[in-house]
Amino acid sequence: MLDIALIRRDPDRVRRSLRRRGIDSAIVADLLRLDAEFRNALGELERLQSQRNALSAQIGRAADKAAAADEHRNALDALKAQIESAQTMVAATGPDASASPLAEVLQNIPNLLDDAVPDGASAADNAVLRTWGAPPAFDFSPKPHWEIGTSLGILDFERAVKLSGSRFSILSGAGARLSRALATFFLERAARNEYTEVAPPYLVTRDTMWSTGQLTKFSDQMFFDQAADLFMIPTSEVPLTALRADEVLDFGELPKRYTAYSPCFRKEAGAAGKDTRGLMRQHQFEKVELVWLTAPEGSDAALERLVADAESLLQELGLPYRAVALCGTDVGFNAAKTIDLEVWLPSQGVYREISSCSNCTDFQARRANIRFRRDTKGKLEFVHTLNGSALAIGRTLVAILENCQQADGSVRIPSALVPHFGADRIVRS
RNA sequence: GGAGAGGUGGCAGAGUGGUCGAAUGCACUCGCUUGGAAAGCGAGCAGGGGUGAUAAGCCUCUCGGGAGUUCGAAUCUCCCCCUCUCCGCCA
């Protein structure tokens, strides 16, 4: 959520950001009008409350309180009625009531874009920052991962359909072991980079989901238990970012780094027909997530390090990739700036997203109320939050199967992974 | 799931209808004291919102959350959530 005071102070900055995201900036004028109405109503309410409080205090000081109350009966009755209607007005117009038009507009304005974000109309306008590694040269026609995995007997889509329907998969034998090896490998690297490992809940409350900005009116991507009013996390960004919600952090504690290995659940309703084969787009996948809480002045550098932490994994695995700065229309609701890492997939001959690293500045922290005090006399400030995958496990497994496939149908295991996996190749068993 | 107890400021902990946003202690900040420190003494020290200059000041709201009673609620009533203890069940 944006700071409403910032929108009042510098509405043009908000309009510019919205335009770069391809969103109609007329909502800023709506918001300013609704905000003026709200502050009007609030002023009226507080004026009335002040009058009532003065009279009540007078009664409280009187020797005969009942008599004093009777004396002011008419004024008090009138005030009571006026306060009641003023309260109704404030509630209906204020930014805190979830049903108010002001809250509706405010809560659906995405984060301010960073100036460094490139302009663009679609993903085609994303800026390639750097490319690492060369796509492997095959003296045979490289197969897609689902064929490799199926023929090795480590990937089973048919039985997954039997159990759970489409967009689920089963890893077995060396496949399951490879997935686990990746998780362990990623977590060990995160620990080495001073992230605190967390094993969070995979179901979170509506409040938690709201606090990290996942509950916009456009988001129907989440699995949800209606009876318990609990959401299955679409990423462990949610519990990791909200971990310190409503807390005041010590300045010396920042930057705080968290990591978690978790499943992620997504309906992918809007992606029907896309990536229908294979592991690329599943209702359930696993991921090691990195989250930072930083002081505002530290978040730019933090994003660079976060991206570097994710990149180093791809480099250790020897997987060719490129780093891409998302353009204005591609940056998500919460983020001010996003760097994606895209890994090379030989079967498709394209780079595909394997990590997305974002600086969310104070946007989530304001919702989740995560603050810090710079010094004992200082005021409370919101932290900046960042998140990124390091890495998506299913997609890493896909990249290994495809990039490391051999002419005989076996798959070479990257040497960095051999100690965790326990073998240097996967052969048909 | 059942029974009981409880949720108050950074922490501990008073407060059961009237200047209570809240005693006291600890922690913290500043000052005095000291060669320096400790101790001691004095002062300060919750957050949100509105208005003001992102100042001071003023106003308003907040004692787990929500609704209610009342001129007035931390205090009374109702609902919900959470924590602790005991029992049941389970991994």
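Lettering follows sequence order; numbering is per chain, from 1. For the numbers below, each heavy atom of this structure counts, side chains included, while hydrogens, waters and symmetry mates do not. All values reported here derive from a predicted model rather than from experimental measurement.
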Inset, instruction - Check the pair A/Phe363, A/Phe333 against ring-ring contact (aromatic ring centres under 6.0 Å, His included), reporting the backbone distance first and the verdict last. - result: CA-CA 10 Å; A/Phe363 190 81; A/Phe333 181 77; 5.3 Å; yes
How long is the line joining [atom1] of [X] and [atom2] of [N], in whole Å?
X        : N      : atom1 : atom2 : answer
A/Leu76  : B/rU69 : CG    : P     : 16 Å
A/Glu71  : B/rC71 : CD    : P     : 16 Å
A/Asp229 : B/rG66 : CG    : P     : 17 Å
A/Ile83  : B/rU60 : CD1   : P     : 11 Å
A/Leu42  : B/rG49 : CG    : P     : 11 Å
A/Asp250 : B/rC28 : CG    : C1'   : 12 Å
A/Arg206 : B/rC80 : CZ    : C1'   : 16 Å
A/Gln51  : B/rC58 : CD    : P     : 19 Å

Does a nitrogen or oxygen in the side chain of [X] sit under 4.0 Å from OP1 or OP2 of [N]?
X        : N      : result
A/Arg39  : B/rU51 : yes
A/Asn53  : B/rU60 : yes
A/Arg8   : B/rG50 : yes
A/Arg52  : B/rC61 : yes
A/Arg73  : B/rC71 : yes
A/Ser56  : B/rG18 : no
A/Lys65  : B/rC71 : no
A/Arg371 : B/rG48 : yes

For [N], which nucleotide in any strand shown is its Watson-Crick or wobble partner with both distances under 3.5 Å?
N      : result
B/rG44 : B/rC28
B/rG21 : none
B/rU33 : none
B/rG6  : B/rC82
B/rA56 : none
B/rU77 : B/rA67
B/rA91 : none

Between [M] and [N], how far apart are the [atom1] atoms? Round to whole Å, please.
N      : M      : atom1 : answer
B/rC84 : B/rG66 : P     : 23 Å
B/rG57 : B/rG7  : P     : 34 Å
B/rG72 : B/rC20 : C1'   : 13 Å
B/rU8  : B/rG21 : C1'   : 11 Å
B/rA67 : B/rC11 : P     : 25 Å
B/rG68 : B/rG50 : P     : 25 Å
B/rA39 : B/rG52 : P     : 47 Å
B/rA5  : B/rA56 : C1'   : 47 Å

Legend entry - First encountered from the 5' end of RNA chain B, between A/Ser50 and A/Ala57: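 Checking each residue's closest nucleotide, the 5'-ward one belongs to A/Ala57.
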Legend entry - Of A/Leu45 and A/Arg61, the one whose closest RNA chain B nucleotide lies more 5':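 That would be A/Arg61.
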Inset, instruction - Counting heavy atoms from C-beta on, name the nucleotide in B/rG49, B/rA46, B/rC71 closest to the side chain of A/Lys80. - result: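 The answer is B/rC71.
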Inset, instruction - Tell me, yes or no, whether the heavy-atom count around A/Asn74 atom CG, taken from other residues, nucleotides or ligands under 6.0 Å, exceeds 12. - result: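 Check fails, neighbour count at 12 or below.
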Inset, instruction - Could you tell me whether A/Arg374 and A/Glu381 have a side-chain N and a carboxylate O separated by less than 4.0 Å? - result: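 Yes, A/Arg374 and A/Glu381 are salt-bridged.
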Inset, instruction - Evaluate the criterion ring-ring contact (aromatic ring centres under 6.0 Å, His included) for residue pair A/Phe251 and A/Phe372; output intermediate values, then yes/no. - result: CA-CA 6 Å; A/Phe251 186 52; A/Phe372 74 100; 5.8 Å; yes
Look at all strands and tell whether [X] reaches a base, only sugar-phosphate, or nothing, counting heavy atoms closer than 4.0 Å.
X        : answer
A/Asp70  : nothing
A/Leu380 : sugar-phosphate
A/Leu55  : nothing

Inset, instruction - Enter syn or anti for the glycosidic conformation of B/rG21, syn applying to angles within 90° of 0. - result: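 B/rG21: anti.
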Legend entry - Heavy-atom donor-acceptor pair, A/Arg373 side chain to A/Asp250 backbone, under 3.5 Å: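 Not confirmed, A/Arg373 side chain does not pair with A/Asp250 backbone.
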Legend entry - Backbone N/O of A/Cys327 and side chain of A/Asp330: donor-acceptor pair under 3.5 Å: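 It does not hold such a pair.
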Inset, instruction - Apply the test side-chain hydrogen bond (donor to acceptor under 3.5 Å, both in side chains) to residues A/Thr212 and A/Glu237: give CA-CA distance (whole Å), side-chain angles for both, the deciding distance (0.1 Å), then the verdict. - result: CA-CA 8 Å; A/Thr212 56; A/Glu237 168 198 338; 5.5 Å; no
Legend entry - Side-chain donor-acceptor pair present, A/Glu297, A/His384, cut-off under 3.5 Å: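 Side-chain D/A pair, A/Glu297 to A/His384: absent.
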